[in-house]
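Reading through the structure tokens given below for one structure.
In what follows, every heavy atom counts, from backbone to side chain, and hydrogens, waters and symmetry copies are set aside. Here the structure is a predicted model, which means the values were calculated and not measured. Along the sequence shown, residues carry numbers from 1.
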Amino acid sequence: MGVGTILFCELLKAKYFIFGSILEADPNLNVKVGTKIKPFDILGLESINLVRGMTELTTTKIACNFQDFSTIQASLNSLSDPGSGKRFRKDLLVYVFNPTIKINRTRTTYEFGKDYTFDFLLLYIIKKRGLTFSLQFVKNIPPEIVALVNNLTLSFYERVHPCSLVGFPTTSFMKYFLEKIMSNNILFYEPKDFQELSEVRNVLAEFYGQKNNHIDFQINYDPHKHPDNSMSWLNTQISLLSKGLKALRYKIIKVRK
């Protein structure tokens with residue numbers, strides 16, 4: 001994927017590149033905000049963190065909103081074979097939003113504590129589909145994990161971490177992205193979402209015996225919900241986010257110094 005970007009950047013006169021790294025790609029659940037990544041920066045290419053502020057549940061929700069079920073099913077069939085861990089995870093994620101899908105089990109029963117990324121996603125599956133459903137596929141789910149799920153809303157799993165917008169290169173590109181996201185009912189974090197993200201990381205880090213390097217970067221952003229998602233409402237959200245991002249950039253620079 002990276003090689004193709006390098007080989008074709010001159011022909012296409014490209015300025016930016018996008019990879020599909022999502023929030024949980026970093027075990028510390030930090031949103032990467034840098035735009036310069038080696039070796040691509042040598043060629044003058046800057047990274048756009050298009051989905052870095054989203055979990056795999058957010059991207060699955062977007063796919064389910066935009067595509068019919070037959071397209072989703074065909075995509076899953078081409079992605080990985082039934083019985084594989086990857087296919088099992090994808091089936092479960094789609095099931096959260098479309099319970100008509102067949103869940104292809106793995107050859108061995110999953111056990112909590114063996115796969116960090118899967119366990120991170122499992123919390124929301126428990127929240128939306130219940131513990132009884134989840135225990136059909138995953139064994140040894142700890143009581144403290146169930147308690148965590150019950151005590152939190154976990155709404156951030158379906159939202160976008162606004163810190164991922166810090167590295168967006170142009171105002172026009174960011175505006176286009178925000179319009180598409182917000183007009184399709186994908187929201188950005190509210191204050192409690194930042195707190196809950198930190199709590200989830202704390203519990204998982206302790207359970208896995210990991211050093212917790214999660215950075216609690218928040219953004220001063222007070223979303224005003226509007227039922228019809230009109231352009232005036234969207235422009236208000238863009239303005240609010242832009243002000244919050246400006247303050248956040250300054251905070252990140254201070255922390256890095």
Side-chain angles (χ1 to χ4, degrees), residues 22-25 27 29 51-73 75-76 79-80 82 84-106 109-162 164 181-182 184-204 207-208 223 225 227:
I22 50 180
L23 178 67
E24 59 269 27
L29 306 180
V51 295
R52 197 58 195 255
M54 307 179 192
T55 69
E56 196 172 7
L57 277 151
T58 314
T59 57
T60 302
K61 180 180 181 179
I62 293 171
C64 289
N65 284 348
F66 276 91
Q67 301 294 338
D68 57 70
F69 182 71
S70 61
T71 303
I72 296 292
Q73 189 67 65
S75 176
L76 290 172
L79 185 68
S80 53
S84 67
K86 185 176 184 179
R87 177 60 179 272
F88 173 59
R89 185 182 81 250
K90 298 287 187 182
D91 286 347
L92 281 175
L93 294 176
V94 173
Y95 188 91
V96 170
F97 305 103
N98 189 335
T100 62
I101 190 172
K102 175 187 175 183
I103 298 174
N104 294 277
R105 295 173 176 265
T106 52
T109 304
Y110 257 70
E111 181 178 359
F112 191 92
K114 304 297 184 182
D115 185 327
Y116 179 90
T117 301
F118 182 87
D119 290 345
F120 169 76
L121 297 169
L122 179 63
L123 268 62
Y124 197 69
I125 294 171
I126 296 172
K127 188 71 176 182
K128 298 299 285 187
R129 291 300 169 187
L131 180 61
T132 301
F133 167 82
S134 302
L135 286 171
Q136 296 178 66
F137 306 98
V138 184
K139 62 183 181 181
N140 298 333
I141 301 175
E144 55 267 38
I145 293 298
V146 178
L148 179 71
V149 170
N150 291 335
N151 290 333
L152 302 179
T153 66
L154 300 181
S155 56
F156 73 84
Y157 275 85
E158 286 189 28
R159 294 180 174 177
V160 181
H161 197 309
S164 63
I181 289 294
M182 292 180 173
N184 285 280
N185 201 32
I186 304 296
L187 304 176
F188 285 84
Y189 281 25
E190 296 180 7
K192 63 178 175 59
D193 294 314
F194 294 101
Q195 180 182 349
E196 291 195 2
L197 176 65
S198 294
E199 289 185 48
V200 167
R201 174 54 188 156
N202 283 337
V203 171
L204 289 178
F207 188 86
Y208 273 83
K225 296 181 176 61

How long is the straight-line distance from [atom2] of [Y] back to [atom1] of [X], given to the nearest 0.5 Å?
X	Y	atom1	atom2	answer
Thr117	Leu122	OG1	CG	12.5 Å
Leu197	Leu152	CG	CG	10.5 Å
Ile101	Leu76	CD1	CG	5.0 Å
Gln136	Thr109	CD	OG1	11.5 Å

Q: Give me the ring orientation class for Phe156 and Phe120: parallel if the planes are under 30° apart, tilted from 30 to 60°, perpendicular past 60°.
A: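 Tilted, since the angle between the ring planes falls between 30° and 60°.
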**Q.** Aromatic ring pairing Phe194/His161, orientation class (parallel under 30°, perpendicular over 60°, tilted between)
**A.**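 Phe194 and His161: perpendicular rings.
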I want to check something: taking the side chain as every heavy atom from C-beta on, are [X] and [Y] in contact at a cut-off of under 4.5 Å?
X	Y	answer
Arg159	Ile186	no
Thr55	Thr60	no
Ile103	Phe133	yes

Counting distance only, does the side-chain N/O of [X] pair as donor-acceptor with the main-chain N or O of [Y] below 3.5 Å?
X	Y	answer
Arg129	Val96	yes
Thr58	Tyr157	yes
Glu111	Asn140	no
Asp119	Phe112	no

Q: Only counting residues at least two apart or in another chain, list the ones meeting side chain to side chain contact (heavy atoms under 4.5 Å, CB included) with Thr100.
A: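 If we apply the side chain to side chain contact (heavy atoms under 4.5 Å, CB included) test to Thr100, skipping adjacent residues, the hits are Phe69, Asn98.
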Exercise: identify the closest heavy-atom pair between [X] and [Y]:
X	Y	result
Ser164	Gly53	CB-N, 3.6 Å
Phe88	Thr106	CB-CG2, 3.6 Å
Ile22	Arg52	O-NE, 3.1 Å
Phe97	Cys64	CB-SG, 4.1 Å
Tyr208	Tyr116	OH-N, 3.2 Å
Leu93	Ile125	CD2-CD1, 4.4 Å

Q. Among Glu190, Lys192, Lys127, which residue meets the side chain to side chain donor-acceptor pair (under 3.5 Å) test with Ser155?
A.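 Answer after filtering Glu190, Lys192, Lys127: Lys192.
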Q | All pairs passing salt bridge (Lys or Arg N to Asp or Glu O under 4.0 Å) where residues 84-101 contributes a residue, at least two apart | A |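 Non-adjacent pairs meeting salt bridge (Lys or Arg N to Asp or Glu O under 4.0 Å): Glu56-Arg89, Glu56-Lys90, Arg87-Asp91.
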Q | Evaluation steps, side chain to side chain contact (heavy atoms under 4.5 Å, CB included), between Met54 and Ile62 | A | CA-CA 11 Å; Met54 307 179 192; Ile62 293 171; 3.9 Å; yes
Q: Given side chain to side chain contact (heavy atoms under 4.5 Å, CB included), test Ile126 with Val138 step by step and report yes or no.
A: CA-CA 10 Å; Ile126 296 172; Val138 184; over 6 Å; no
**Q.** With Lys61 via salt bridge (charged side-chain N to carboxylate O under 4.0 Å, His left out) - residues at least two apart
**A.**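 So Lys61 forms a salt bridge (charged side-chain N to carboxylate O under 4.0 Å, His left out) with Glu158.
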**Q.** Residue pair Leu148, Leu154: steps toward the side chain to side chain contact (heavy atoms under 4.5 Å, CB included) verdict
**A.** CA-CA 10 Å; Leu148 179 71; Leu154 300 181; 5.8 Å; no
